[in-house]
Amino acid sequence: MKTKNGHKTYPLTKAQKFHIFYSEYCPKKEVLNIGTSLTIAYELDLEVLKQSVYKAYERCESMRVRFTYDKKEEQWYQYVADKEERDIEYVDFTEKTMEEAEQIMTQWTRVPFPREDSPMNRVVMIKTPDGNQGLYLLGDHMLIDAQSLIQFLRDVIELYCNAKFENVPYPADMRSYVEQLEKDLAYEAGSKAQQRDREYFHKLIEKSEPVFNGVEGTRQLEEARKKVPGTRAAFSASTNVDSTIDVFHLEEEPTQRLMKFCEENHISLQCLLIMGIRTYFQKMNGNDDVSFNVAYARRATLLEKKSGGTRIHSLPFRTVISEDQTFMEGIHQIRDGQNEVFRYTNFDPVEYFTYRSKYYSTPRGATYEPLSITYQPMTLKEKGLNMLGDIKYKTKWYSNGACTHAMYLTVMHRPDDNGLDFSFEHQLAAFSKEQLEYFYYYICRIMFKGIETPNLKIGDIIKLI
């Protein structure tokens, strides 16, 4: 397929095909929906806000992408529509309770988009029962991720501020989605870089087989071994894809202690989080060998950061760290491992999992990774809303009601105080809120004990907590 409605078409990237890969196994197609709201304790000019949304659409190609299906080739393609002319709705929730308003927005988040020649996002101007005003944004994960979602909302805010206030500069241009898309497709078309990445991961996979560690210990692995003797993989996800999001809040002051430790020791918060999580699994399973999936944003260049779309590649990250090593030695090992993996993260996750599954004859539906984690450092607080002065604002993520994995942990900074929110999206049949609260509690205990006594051996930290 070359064109559609006069627009040049492009194949899907590997990052987009990854979402197709897992969504095909899910009866609920809303599994690809991402819904969020941003509201401000401020009386907004709704007409200016609406025009700011239209201008943000005009500046962001990825928010105007449409999908089209070629029946002959049995392949999906994508193209960029010229402009968005659909109405930006306004919904006033002030006659409702906050709970009722959130229930309605949750229902919006559970309506899948038509896939053929259709807009793949929805923006609604809202007024919430607490008097705040702002936006609800729903996007399809094949064209939006956390960073591009925040980038779009930030652009709307900056455009609004430029239109309403004197001496507020016009925001810098967004970057071309098509330009980045062409770079990604060139990499995927048998480039030397792709072959280099393939060789790296194949060697890593062939080195030795990982082992599954359960959130509550070895039960799932033991059950898997009753069906497949000697297997090192287990059945983590439930066949019931019904899900929810449970959020636990770490206050501003303890968050700042974690951030200060990271800054002083030249490590990322992602490395500290990985250390906390892997040490928890080490404690619960008695294994030094721990694996889970880490989401890599792949937004290093300005073009990658500001071209929108979806760029996340989720790949396993495995660490073998002895209890005799110190907490700081473990963190340095994670930092070095992350720095190495970062160089190869353009590699196709589907190809990774397919190759590993064949190489180790992994039982169908089994995995070595009990969860996926993403840390999202990007926040609206950096710029944008500060142009409105010291005004309180709120963000809220809404569950689409379905997920194909047992658990996905997203760690983000709260907009009001920069504390951390640990958002666990999980299958209801796999975990209860109480189980996740226990998990969260011990992750935090390990991290704080570690930063207080970084030269203490990991085995001693496990005993002390």
Side-chain angles (χ1 to χ4, degrees), residues 1-13 16 32-38 44-70 76-91 108 111-126 134-145 147-164 168-185 302-311 384:
M1 182 179 281
K2 301 296 183 187
T3 61
K4 181 68 183 280
N5 301 331
H7 299 94
K8 185 177 178 181
T9 62
Y10 300 87
L12 304 186
T13 65
Q16 292 173 315
L32 294 178
N33 283 7
I34 301 175
T36 189
S37 62
L38 165 68
L44 296 170
D45 183 323
L46 292 176
E47 185 54 37
V48 174
L49 181 60
K50 179 184 282 193
Q51 293 309 314
S52 299
V53 173
Y54 283 132
K55 179 57 72 174
Y57 273 132
E58 185 184 312
R59 288 160 48 87
C60 186
E61 289 176 345
S62 68
M63 295 293 281
R64 292 183 274 116
V65 170
R66 309 287 192 262
F67 292 122
T68 184
Y69 191 71
D70 187 308
W76 283 99
Y77 285 83
Q78 58 190 315
Y79 63 92
V80 180
D82 291 331
K83 60 195 230 179
E84 290 296 358
E85 297 178 300
R86 54 203 159 103
D87 186 41
I88 309 299
E89 310 156 70
Y90 172 64
V91 176
W108 291 350
V111 179
F113 290 99
R115 200 141 295 271
E116 184 97 19
D117 299 311
S118 165
M120 301 307 291
N121 57 71
R122 178 189 180 193
V123 176
V124 184
M125 298 182 294
I126 57 173
L135 297 174
Y136 165 87
L137 172 59
L138 176 66
D140 186 286
H141 211 348
M142 285 178 66
L143 284 165
I144 203 165
D145 58 24
Q147 288 215 19
S148 58
L149 181 149
I150 291 169
Q151 188 74 60
F152 181 79
L153 288 174
R154 183 187 285 177
D155 202 43
V156 173
I157 295 160
E158 291 182 36
L159 289 163
Y160 179 91
C161 291
N162 171 262
K164 286 293 289 183
V168 173
Y170 195 77
D173 288 343
M174 300 291 280
R175 295 303 179 98
S176 169
Y177 174 75
V178 168
E179 184 183 343
Q180 183 58 54
L181 179 60
E182 288 173 340
K183 281 179 178 284
D184 290 334
L185 295 172
L302 193 59
L303 177 61
E304 289 168 346
K305 286 174 181 171
K306 299 200 70 175
S307 55
T310 189
R311 298 200 53 75

Just wondering, more than 12 heavy atoms not from K50 lying within 6.0 Å of its NZ?
-> yes
Is it true that Y79 and F67 have ring centroids separated by less than 6.0 Å?
-> no
In Å, rounded to the nearest 0.5 Å, how long is the span from [atom1] of [X] to [atom2] of [Y]?
{"X": "D70", "Y": "T9", "atom1": "CG", "atom2": "OG1", "result": "8.5 Å"}
{"X": "M125", "Y": "L44", "atom1": "CE", "atom2": "CG", "result": "10.0 Å"}
{"X": "L32", "Y": "D140", "atom1": "CG", "atom2": "CG", "result": "5.0 Å"}
{"X": "S176", "Y": "L303", "atom1": "OG", "atom2": "CG", "result": "7.0 Å"}
{"X": "L49", "Y": "I157", "atom1": "CG", "atom2": "CD1", "result": "9.5 Å"}

Distance-only side-chain donor-acceptor flag, [X] / [Y], under 3.5 Å:
{"X": "T3", "Y": "K8", "result": "no"}
{"X": "N121", "Y": "Y57", "result": "yes"}
{"X": "E179", "Y": "S307", "result": "no"}
{"X": "Q147", "Y": "Q151", "result": "no"}
{"X": "R66", "Y": "Y77", "result": "no"}

For residues [X] and [Y], report the shortest heavy-atom separation together with the two atoms involved.
{"X": "L185", "Y": "P11", "result": "CD1-CD, 3.7 Å"}
{"X": "I88", "Y": "V123", "result": "CG2-O, 3.8 Å"}
{"X": "A56", "Y": "F152", "result": "CB-CE1, 3.6 Å"}

Take L138 and V124 through the test side-chain contact (heavy atoms from CB on, under 4.5 Å) and record every step on the way to the result.
-> CA-CA 9 Å; L138 176 66; V124 184; over 6 Å; no
Check whether any side-chain heavy atom of [X] lies under 4.5 Å from a side-chain heavy atom of [Y], and answer yes or no.
{"X": "L159", "Y": "R59", "value": "yes"}
{"X": "Q16", "Y": "Q78", "value": "yes"}
{"X": "E84", "Y": "V53", "value": "no"}
{"X": "Y160", "Y": "D45", "value": "yes"}
{"X": "L149", "Y": "T36", "value": "yes"}

In terms of ring plane angle, is the pair W108 and Y136 parallel, tilted or perpendicular, where the classes change at 30° and 60°?
->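 Plane angle over 60°, so perpendicular.
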So, D155 and K55, do they make that salt bridge, N to O below 4.0 Å?
->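 A salt bridge is absent here (no side-chain N lies under 4.0 Å from a carboxylate O).
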Between R64 and E61, is the closest basic N to carboxylate O distance under 4.0 Å?
-> no
Please check if the side chain of [X] supplies one atom and the backbone of [Y] the other of a donor-acceptor pair under 3.5 Å.
{"X": "S148", "Y": "D145", "answer": "yes"}
{"X": "R122", "Y": "G139", "answer": "no"}
{"X": "N33", "Y": "V111", "answer": "yes"}

R86 and Y54: CA distance, side-chain angles, deciding distance, side-chain contact (heavy atoms from CB on, under 4.5 Å) verdict = CA-CA 9 Å; R86 54 203 159 103; Y54 283 132; 5.9 Å; no
Step-by-step salt bridge (charged side-chain N to carboxylate O under 4.0 Å, His left out) determination, K306 to D173 = CA-CA 8 Å; K306 299 200 70 175; D173 288 343; over 6 Å; no
Stepwise side-chain hydrogen bond (donor to acceptor under 3.5 Å, both in side chains) check, N162 with E158 | CA-CA 6 Å; N162 171 262; E158 291 182 36; over 6 Å; no
Any chance you could lay out the side-chain contact (heavy atoms from CB on, under 4.5 Å) test for M120 and R115, step after step, and finish with the verdict?
-> CA-CA 8 Å; M120 301 307 291; R115 200 141 295 271; 3.8 Å; yes
From CA spacing to verdict: side-chain contact (heavy atoms from CB on, under 4.5 Å), I144, M63 = CA-CA 8 Å; I144 203 165; M63 295 293 281; 4.1 Å; yes
Counterpart residues, salt bridge (Lys or Arg N to Asp or Glu O under 4.0 Å), relative to E85 (two or more places apart) = K83
Mind checking what makes salt bridge (Lys or Arg N to Asp or Glu O under 4.0 Å) contact with R175, not counting sequence neighbours?
-> none
Have a look at H7 and tell me which of T68, D82, V80 forms a side chain to side chain contact (heavy atoms under 4.5 Å, CB included) with it.
->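 Answer to the side chain to side chain contact (heavy atoms under 4.5 Å, CB included) test with H7 among T68, D82, V80: D82.
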